[in-house]
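Please read all numbers here as calculations on a predicted model, not as lab measurements. Just so it is clear, the values below take in all heavy atoms, side chains as well, and ignore hydrogens, waters and symmetry mates. Numbered from 1 within each chain, the chains take letters A, B, ... in sequence-line order.
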Amino acid sequence: MSFRIERFTPASRATAIVALIALAFLVAAPWLTGRANIRLLGEMFSFLALASLWNLLAGYCGLVSVGQQAFVGFGGYMLFALAIFLGFDPLLAIPVAGLLGAVLAIPVGTLLFRLQGAYFAIGSWVFAEVLRLSFAQVSSLGGGSGASLPTSVVTGIASNREWREILIYWTGLALAVAVLLIVIALLRSKLGLALTGLRDSEIASESLGVNSWLTKMTVYVSVAGLTTMIGSFIFLQKLRISPDAAFSVNDWTAYVIFIAVIGGIGTIEGPIIGTIIFFLLRETLADLGTTYLLVLGALAILVMLKAPRGVWGLISERSRISLVPVRRQVRFD
Amino acid sequence: MRFVTTGTGGISRRTFMRAAGTALAAPAILHMTRAYAATPTIKVGHVSPTTGPLAGFAEANDYILKGIAKSLSSIDNNGKSWTVEIISKDSQSNPNRAAEVAADLILKDEVDIIVAASTPDTVNPVSDQAEVNGMPCITTDCPWQPYFFGRNGKPDQGFESTYHFFWGLEDVIASFLALWDHPGVAKKVGGLFPNDADGNAWGDPERGFPKPLKDAGYTLSDTGRYQPMSDDFSAQISAFKAAGVEIVAGNMIPPDFATFWSQAGQQGLKPRIVTIGKALLFPSVIASLGERGIGLSSEIWWSPNHPYASSLTGETSRQLAEGYQNATSRPWTQPIGFKHALFEVVADVVRRADDLDDPAAIIEAIRATAMKTIVGPVDWSRGPVKNVTKTPLVAGQWQSTGGKAELIITTNKTAPDIPVGGELKLL
């Protein structure tokens, strides 16, 4: 019996082409649509990236963190610190902040990995609270009052408003695309295989020679660095930071988990679909006040009960389509 | 041949193209013809916390907006009648969301003026977004120091497009000192300042309470900034007891004050005067404290007894407050007057601007404002710093009248035109 191992499917080839066309449109978007949509897209990119990164941790690595706001907030504060104290160009400050976030994640990860499951989740949240309280003591960054990014820092990005907004938008797009590509590349590598094994059974994978600690650590540190960069980008758009806003568990973790859960946890496509659904809901219902939050909550419960693998899980189960080629399939001829 | 798609809800291609064409062209046409329309519209974006912990500040929104709707439907500008359309957005008491909705109003709704009210968490993010986008912005209901210095303001430079009216720390300090001027009370003050925008400003050694208190002969025992939502004030209470504190002052959020006040009762701290900013503004908070709510004192920015009237509707302070009470059967609160005044200023600016299609002309009109509102005069030429002007402030005490807690003005040294309603009773 002859067989071959297939990674690309016709569907995934088509997806690649569609994605490239979509990317071309997104790059050209500043000339195709208004300023409001550009800003909205910028926000969507940050949530897409945050959700993809959280999904990598929780969906592929089994590390359910409810403390990713620690790195978002850290990124925001590093942007402010680098731009205000060291005179960094804010766009340059973003990768530097990412590096600092990754460095911070090494000791934090070392501590947190001593905890398992629910204890890890709580531990990660505690770490985020510790950071929130610590930054509330840093009076040079506004302490508990918060600080505004000086207007000169923002206007210094480009000579006029149009180019400033376009540059910030492109930064967001680049970050989101980079995050997606890194996640896909990681999952296709040897490390990705090890992760899938670890998620399914840690003991079995270790007996096959997978270094569980090092694998998880690599992913945790990369995710932390990238999350920090997204955090810097978010607060470059917000212009103002305060401990409660920077380390908000609602804004940077609850919504992100909502996106991943609704879209489909443990899939590449899930966070993309989830982000679109989340923003559709927000743009149409946010003016309803508390009713909006009730709708979000009810929807999350409904999806968890009726379609635990999210919207994308539902679609791929029915149609057996995989748009992003991270799995190898055996085909018998 | 017909271009109708199947199904009852279908749209023909031609209809679609026509609609799409109109939609695409609409902004351009609207922009071209707005000044020539029968009644052109000027859009005002309004950000306030209608949900979340700050919701009390915005509870009168609907009543105020309904009350001024008629006056705003036609305002004369250069011999032409304009309609003011107000687009309200909820900040959810969250500074992140406040920045988002402000950007939305500026970029998507393309408002001409943006206004915001209630605490630095709402006012500052909105003003920052407006400043970067060159959008005319008027804010209120937040002491001016956290607004101005919290946004890196420099007194000689000020801001480009963002303006603010309210009182400042120097006013609240002066009115507290006037309130405490009582022969039966030792000049020993215990300070309670949280680590948040208001607390840091009130407790600031230079710009806040410590220096003026010392100059006035008071000793201040200050145990440092506490984290908001604390559940233990024993350290502060024992420090106050050790220092023989007879006056407790500070700026707190209601839940923190409730915690402090019940623990003070349990641990035997018996001050003669308790004057707290922000926490004691709302009748609902005082009611929740029961018997121990009577006798507490607070700053008063606006009350039905303020001798001012609306420039928009002609209502007096008392009429506005009673109208609210009759319409909602809820007691009046201080933010009501300021929310009304905010739109008085907007209407006045719309009336005076040289060219309502030009943001620079609107900003110039804001700068040149000199008017009397229901909360007192608003005149940016007389500010303590650029872009800021101050309204009068007095202080008073929650006293029981006919079984109900009523906020009575007990001192008017800082604004003698506001009548005093009673005398301070020691706790």
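Interface remark: of the candidates B:Glu160, B:Lys89, B:Glu100, B:Glu100 forms the most heavy-atom pairs closer than 4.5 Å to chain A. The most heavy-atom pairs under 4.5 Å with chain B, out of A:Arg161, A:Glu165, A:Gln237, A:Glu43, come from A:Glu43. Comparing B:Pro95, B:Gly150, B:Ala99 by heavy-atom pairs within less than 4.5 Å of chain A, the highest count is held by B:Gly150. When each of B:Asp90, B:Asn94, B:Val132, B:Asp121 is scored by its heavy-atom pairs under 4.5 Å with chain A, the top score falls to B:Val132.
Scored by the side-chain contact (heavy atoms from CB on, under 4.5 Å) test, B:Ser88 finds B:His46, B:Leu65, B:Ile86 as partners (sequence neighbours excluded). In this structure, the side-chain contact (heavy atoms from CB on, under 4.5 Å) partners of A:Ser46, at least two apart in sequence or on a different chain, are A:Ile230, A:Phe233, A:Ile234.
Within the 4.5 angstrom heavy-atom criterion, atoms from both the backbone and the side chain of B:Asn133 approach chain A. Heavy atoms of B:Gln129 lying under 4.5 Å from chain A belong to its backbone as well as its side chain. Using a 4.5 Å cut-off between heavy atoms, A:Leu149 contacts chain B through its backbone alone, with no side-chain atom that close. Residue contact with chain A, scored on non-hydrogen atoms closer than 4.5 Å, involves the side chain of B:Asn152 exclusively. Neither the backbone nor the side chain of B:Thr50 comes within less than 4.5 Å of any heavy atom in chain A.
Under a 4.0 Å N-O distance rule, the pair B:Lys43/B:Asp109 does not qualify as a salt bridge.
Between the side chain of A:Gln68 and the backbone N or O of A:Thr227 there is no donor-acceptor pair closer than 3.5 Å.
A tilted orientation is assigned to the rings of A:Tyr169 and A:Phe45, their planes being inclined by 30° to 60°.
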